[in-house]
Amino acid sequence: MNKEKLFSFLDDLGIDKTGKLEKERYVLELEDSDEYSRYYTILDHTDDLDLNDTSSMSEEFATVLTYTNDEYKIKLNANFNDDYYTFTVEDL
């Protein structure tokens, strides 16, 4: 994963870059459901990202939303019972 290219993409989205850049993905733990909602709004209103229904799941207590573009797969995860939320980016 190209760090400079990823950080430029995150800057364009207005996404926080304080997450962990692992070998194959970028992971950002979100503070709470309010921050999760803010990230959802950003992703949902970004024209060059498409919600991938087949890779997404929504249940009463957990949600995984997967967005893609030509370069990245982005997952927004929520575990409402444990109040645990993450934002991840992987190369396609």
Are any of the side-chain heavy atoms of Thr63 and Tyr40 separated by less than 4.5 Å?
->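 Of all side-chain heavy-atom pairs linking Tyr40 with Thr63, none is under 4.5 Å.
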Check: residues 54-61 side-chain donor-acceptor pairs under 3.5 Å, at least two apart:
residue, atom, partner, partner atom, Å
Thr54, OG1, Asn52, OD1, 2.7
Ser56, OG, Asn52, O, 2.8
Ser56, OG, Thr66, N, 2.9

Please tabulate, for side-chain N and O atoms in residues 16-25, each donor-acceptor pair with protein atoms closer than 3.5 Å (sequence neighbours left out).
residue, atom, partner, partner atom, Å
Asp16, OD1, Thr18, N, 2.9
Asp16, OD1, Thr18, OG1, 3.0
Asp16, OD2, Thr18, OG1, 3.0
Lys17, NZ, Asp11, OD1, 3.1
Lys17, NZ, Asp11, OD2, 3.3
Glu22, OE1, Arg25, NE, 3.2

[X]-[Y] co-clustered via ILVMFWY side chain contacts under 4.5 Å:
X: Leu65; Y: Phe9; answer: yes
X: Tyr67; Y: Val64; answer: no
X: Leu6; Y: Val27; answer: no

For Asn79, check side chain to side chain donor-acceptor pair (under 3.5 Å) against everything at least two apart and list the hits.
->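 Side chain to side chain donor-acceptor pair (under 3.5 Å) check on Asn79 returns Asp82.
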Contacts of Lys5 that satisfy side chain to side chain donor-acceptor pair (under 3.5 Å) - sequence neighbours left out =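 Applying side chain to side chain donor-acceptor pair (under 3.5 Å) to Lys5 gives Glu71.
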Kindly compute the distance separating [atom1] ([X]) from [atom2] ([Y]), expressed to the nearest 0.5 Å.
X: Asp50; Y: Leu43; atom1: CG; atom2: CG; result: 12.0 Å
X: Asp44; Y: Leu49; atom1: CG; atom2: CG; result: 10.0 Å
X: Leu13; Y: Asp48; atom1: CG; atom2: CG; result: 7.5 Å
X: Ile15; Y: Ile74; atom1: CD1; atom2: CD1; result: 7.5 Å
X: Asn69; Y: Thr46; atom1: CG; atom2: OG1; result: 9.5 Å

Got a list of side-chain donor-acceptor pairs under 3.5 Å for residues 84-92, not counting sequence neighbours?
residue, atom, partner, partner atom, Å
Tyr85, OH, Asp83, OD1, 2.9
Thr86, OG1, Asn77, ND2, 3.0

Would you list the atom pairs, donor with acceptor, under 3.5 Å between side chains in residues 28-36 and any protein atom, with sequence neighbours excluded?
residue, atom, partner, partner atom, Å
Asp32, OD1, Asp34, N, 3.1
Asp32, OD1, Glu35, N, 2.9
Glu35, OE1, Glu31, N, 2.5

Looking only at heavy atoms, what is the nearest atom pair of His45 and Thr41, with distance?
->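 His45 and Thr41 have their closest heavy atoms at ND1-O, 2.8 Å.
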